[in-house]
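What you see is a predicted model, and the numbers here were worked out from it, not measured in a lab. In the text below, chain A, chain B and the rest are named by the order of the sequence lines, each starting its count at 1.
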Amino acid sequence: MQLPRRHFLHLAAGAAAFPAMSRNASAQAYPTRPVRILAGFPPGSAADITARLVGQWLSERLGQQVIVDNRPGASGNVATEAVVRAAADGYTLLLATSANAINAGLYDNLNFNFIRDIAPVASIGRTPYAIVVTPSFPAKTVPELIAYAKANPGKINMASAGSGSAPHIFGALFMFMAGIDMVHVPYRGSYFPDLLGGQVQVVFCPVPSSIGYIQAGKLRALAVTTAARWQGLPNLPSVAEVLPGYDVSLWFGIAAPKNLPTAVIDRLNKEINAGLGDAKLNA
Amino acid sequence: LGEVLMPMTPAEFGNLIGNETEKWAKVIREANIKPE
């Protein structure tokens, strides 16, 4: 059978358009099965709780189960590599954090390139940090801390959750911008006992984990690390009021393997942003 | 959690990731920070 030329061209045009139509159709149908969010930190961590809150919201909005799969290890690198290697179909997502941005400069032996191999999907939020000192520490403000550190080089101990951790990196940027030097003391476990006891004097730590000590008067906060003041402690100045441009925090978002169809990215972004504007997720 | 929510487009979130990656790489280099 010979097809008339016009009929043949019509069919050919339809065939060429088929992959795009198929992608759109599959994006409209997405998801047809459970979705996993890989979190690179253990259950109970801020990353885990954030993933569970967003997962619960997405489950309701997408009509499919969204499961949080904890893959702790190597500061989030284990989970990230698993997502990089996963199919770009929207069924494997990553709870991305500041640790991913830090790790990209910290590790020179990663089997992936975070920027190149991951598709950004949606931002979620950020946790402010604070400069917190032991109550007996003489400085009560950031300018006093800087002046004291300049007068006593190498005599202030700055705790962190480990070399290359967010508190370490945030402190390093502060020291660089302020032109001071503090002794870095990495901890494998909690630094709070030593901070409360005065063995270490300064830490850059998440506000949520220190606010109880601050409000009880057991520790003193000098400043919040975000560019603007935090509404939870409106009387606490920001570091940027003394060191303009200093703006650090622990952020969270959702990422996916590269080449995830734009329609799926846009759907997830729309649903997550709707959640961020909803009182239920905002509470 | 004390999180400040920050809705963004995928492109804006990509810019945040790119800017943060660049910023921390400089600090890590300058301070000669090594992973544990």
Side-chain angles (χ1 to χ4, degrees), chain A residues 46 49-50 53 74-75 96 98 100-107 114-115 118-128 162-165 168-169 172-173 175-176 184 186 188 206-208 211 226 230-232 248-255 262 265-266 268-269 272-274 276-277 281-282, chain B:
Chain A
I49 295 168
T50 301
L53 289 170
S75 193
S98 303
N100 290 114
I102 293 170
N103 291 347
L106 192 61
Y107 294 88
F114 187 65
I115 299 281
I118 284 288
V121 172
S123 160
I124 298 171
R126 59 182 186 162
T127 299
S163 184
S165 64
H168 181 197
I169 305 282
L173 179 61
M175 287 192 275
F176 181 71
H184 174 230
R188 284 197 179 275
V207 172
I211 195 165
T226 44
W230 182 56
Q231 60 180 11
V248 306
S249 55
L250 190 67
W251 52 259
F252 300 99
I254 295 292
T262 305
I265 290 176
D266 289 345
L268 287 166
N269 181 273
I272 291 168
N273 283 349
L276 300 182
L281 194 58
N282 219 328
Chain B
L1 282 179
E3 277 184 42
V4 178
L5 303 180
M6 44 181 202
M8 292 182 186
T9 65
E12 288 168 339
F13 184 43
N15 284 339
L16 169 76
I17 292 173
N19 292 339
E20 287 269 302
T21 301
E22 194 179 333
K23 175 166 82 174
W24 296 130
K26 276 184 198 164
V27 173
I28 289 162
R29 232 179 3 253
E30 290 288 331
N32 193 28
I33 294 170
K34 304 289 180 198
E36 283 195 324

Item checked: Which atoms of K23(B) approach chain A - backbone, side chain, both or neither, heavy atom under 4.5 Å -> side chain
Item checked: Structural part of V121(A) lying under 4.5 Å from a heavy atom of chain B -> backbone
Notebook entry, point to check: For chain A, which of E22(B), E12(B), M8(B), E30(B) has the most heavy-atom pairs under 4.5 Å?
Noted result: M8(B)
Check: Do F176(A) and V27(B) have side-chain heavy atoms sitting under 4.5 Å apart?
Finding: no
Notebook entry, point to check: Between CG of L173(A) and NZ of K26(B), what distance do you get to the nearest 0.5 Å?
Noted result: 11.0 Å
Notebook entry, point to check: Does any heavy atom of chain B fall under 4.5 Å from the side chain of I118(A), the backbone, both, or neither of them?
Noted result: neither
Checklist line | When P10(B), A31(B), A25(B), P7(B) are compared by non-hydrogen pairs under 4.5 Å with chain A, the top option | finding: P10(B)
Check: Pick from N273(A), L106(A), T226(A): which one has the most heavy-atom pairs with chain B under 4.5 Å?
Finding: L106(A)
Check: Does T9(B) offer a backbone N or O that forms a donor-acceptor pair with the side chain of D266(A) under 3.5 Å?
Finding: no
Notebook entry, point to check: Which residue pairs pass the ring-ring contact (aromatic ring centres under 6.0 Å, His included) test with at least one member in residues 3-36 of chain B, sequence neighbours excluded?
Noted result: F170(A)-W24(B), W251(A)-F13(B)
Check: Looking at G277(A), G164(A), S163(A), which one has more heavy-atom pairs under 4.5 Å with chain B than the rest?
Finding: S163(A)
Check: How many angstroms lie between atom CD1 of I33(B) and atom OG of S165(A), to the nearest 0.5 angstrom?
Finding: 9.0 Å
Check: Can you tell me how far CD of E3(B) sits from OG1 of T50(A), rounded to the nearest 0.5 angstrom?
Finding: 3.5 Å
Next item on the list: Could you tell me which portion of I169(A) (side chain, backbone, both or neither) has an atom closer than 4.5 angstrom to a non-hydrogen atom of chain B?
Entry: both
Checklist line | Atom pair CD/OG of E20(B) and S249(A) - distance to nearest 0.5 Å | finding: 6.5 Å
Checklist line | Atom pair CG (L276(A)) and CG (L5(B)), whose distance is rounded to the nearest 0.5 Å | finding: 5.5 Å
Checklist line | Which portion of P186(A) sits near chain B, non-hydrogen atoms under 4.5 angstrom | finding: side chain
Item checked: chain A interface, residue from A11(B), G14(B), P35(B), G18(B) that has the most non-hydrogen pairs under 4.5 Å -> P35(B)
Next item on the list: Between chain B and each of G162(A), A104(A), A122(A), count heavy-atom pairs under 4.5 Å; write down the option with the most.
Entry: A122(A)
Notebook entry, point to check: Can you say whether V4(B) sits under 4.5 Å from chain A via the side chain, the backbone, both, or neither, judging by heavy atoms?
Noted result: both
